[in-house]
Amino acid sequence: ERDYNIFNPINQYNPDNPNLPVNSPNAHYALSNEALAVIKSYGTANFAKQSKAFRTGLIKRQAQFQSARHFNRIPLKLPNGVEITLSPGAHNQVEAAIVTDFGPRFAKGASLLYLGDTENKDVIFEKKTLADLGCKLDDHGKFPDVILYLKNKNWLYLIEAVTSHGPVSQKRITELKQMFTPKKLGLIFVSAFPD
C-alpha cells in the first residue's frame, strides 16, 4: 500500500507522514509536484509538452502500480478448498489469518459467511444464509470484516481485523447487535490483531 506514492503522479497519500495507517482520521492527499508543475505551466508555451509528458507518465505509472499490486496479493485458501487472493496490506493479512488460523482453532467446522477486502468489500458474501439466520443485510458498509457461523452451536462470530486502532468499542458492538439480532443465535465478538 505504501508503494502507491511511487506510482501516483497526481496526488500523494500522506506525504508529510507516509506511515499513517490507512484508516487513520488524519489520512489525506496532497497534489504532487509533477501535477503542480503542469498546472503552473497552463497558458504558457510549455503547457502542451508538459501535459503530454505527464499523461504518458501517468499511464506508465498506473500500469506499474497495477502490476505491483497484483504481485503482492495475499493468497488465501478457504475452508472449502477454493483459493483466492486478497489485496495487499496488513489489514487483509489479519483477515487471512482469521480464516486460516483463528477459524480452525476456535470455530472448528464453522462456515465462512462473509469476508471483506479493503479493495472488494464482499469477496465472500453468503447473503441467503445470513438472511435465513435473520440478519439485517441492508447496512453492508458496517459489516464486520469476517463472519463465521458454527452451526452445531448456533454461534455467529463477528470478527474485526484490527491493525491500527484498539479493540472493538462498545458502540461498535451495539451497532453489530442491531444488525445481527437473530433469534436463539449466539453472537461472539472478536477483535483480531496481527500479533
Side-chain angles (χ1 to χ4, degrees), residues 1-8 13 19-24 27 61-165 167-168 172 175-176 179-180 182 185-195:
E1 291 177 333
R2 302 288 177 224
D3 290 342
Y4 181 69
N5 284 342
I6 295 169
F7 300 117
N8 189 347
Y13 189 61
N19 293 322
L20 276 175
V22 174
N23 58 353
S24 167
R61 288 181 184 185
Q62 284 176 333
Q64 290 172 325
F65 175 68
Q66 290 303 323
S67 176
R69 283 193 64 81
H70 179 73
F71 181 75
N72 293 321
R73 293 188 69 80
I74 300 165
L76 174 60
K77 187 171 186 177
L78 300 175
N80 64 5
V82 173
E83 294 184 16
I84 64 170
T85 61
L86 301 175
S87 59
H91 188 267
N92 284 343
Q93 287 174 337
V94 174
E95 287 191 355
I98 290 167
V99 174
T100 59
D101 298 335
F102 175 86
R105 178 179 279 175
F106 298 105
K108 189 172 183 158
S111 302
L112 178 61
L113 300 185
Y114 180 82
L115 174 67
D117 181 324
T118 52
E119 191 175 80
N120 175 7
K121 288 295 178 195
D122 55 359
V123 173
I124 305 294
F125 192 11
E126 299 296 337
K127 293 179 186 178
K128 183 178 181 336
T129 304
L130 284 164
D132 289 348
L133 290 171
C135 301
K136 296 177 187 174
L137 305 178
D138 57 349
D139 207 356
H140 187 289
K142 295 195 176 199
F143 267 28
D145 296 310
V146 179
I147 300 174
L148 299 174
Y149 175 57
L150 190 58
K151 187 174 184 176
N152 64 340
K153 295 200 177 215
N154 207 27
W155 290 351
L156 200 63
Y157 291 78
L158 306 176
I159 308 169
E160 297 281 14
V162 184
T163 55
S164 60
H165 298 301
V168 176
R172 178 67 171 139
E175 288 174 353
L176 290 171
M179 291 176 63
F180 300 95
L185 185 64
L187 299 180
I188 298 175
F189 302 95
V190 179
S191 297
F193 294 88
D195 57 21

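Hydrogens, waters and symmetry mates are skipped; everything else that's a heavy atom, side chains included, is used.
Between Ala192 and Ile159, the shortest heavy-atom contact is CB-CG2, 4.1 Å. Residues Asn92 and Gly116 approach most closely at OD1-O, 4.2 Å, considering heavy atoms. The shortest heavy-atom contact between Leu150 and Gly109 is CD1-C, 3.9 Å. Nearest heavy atom pair, residue Leu115 against residue Leu86, reads CD2-CD2, 4.2 Å.
Contact of the Ile188 side chain with the Leu148 side chain is not registered, since no non-hydrogen atoms from C-beta on lie closer than 4.5 Å. With a 4.5 Å cut-off on side-chain heavy atoms, Val146 and Leu112 count as touching. Side-chain contact check for Ile98 versus Val190: every heavy-atom pair is 4.5 Å or farther apart. The shortest distance between side-chain heavy atoms of Leu176 and Leu187 does not fall below 4.5 Å.
How far CD1 of Ile124 is from CD1 of Ile147: 12.0 Å, rounded to the nearest 0.5 Å. Atom CZ in Arg172 sits 8.5 Å away from atom CG in Leu158 (nearest 0.5 Å). Interatomic distance, Leu185 CG to Lys153 NZ, rounded to the nearest 0.5 Å: 14.0 Å. Rounding to the nearest 0.5 Å places OH of Tyr114 at 10.0 Å from CG of Leu130. The OG atom of Ser191 sits 10.0 Å away from atom CG of Asp145, with the distance rounded to the nearest 0.5 Å. To the nearest 0.5 Å, atom CZ of residue Arg73 and atom CD1 of residue Ile84 are 9.0 Å apart.
Counting only distance, with no hydrogens or angles, the side chain of Tyr157 and the backbone of Phe106 share a donor-acceptor pair below 3.5 Å.
Aromatic ring centres of Phe143 and Phe180: separated by under 6.0 Å.
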Set out, in order, the CA-CA distance, both residues' side-chain angles and the distance that settles side chain to side chain contact (heavy atoms under 4.5 Å, CB included) for Leu113 and Leu156, then state yes or no.
CA-CA 9 Å; Leu113 300 185; Leu156 200 63; 4.0 Å; yes

Could you please spell out the steps behind the side chain to side chain contact (heavy atoms under 4.5 Å, CB included) verdict for Leu76 and Thr100?
CA-CA 8 Å; Leu76 174 60; Thr100 59; 3.5 Å; yes

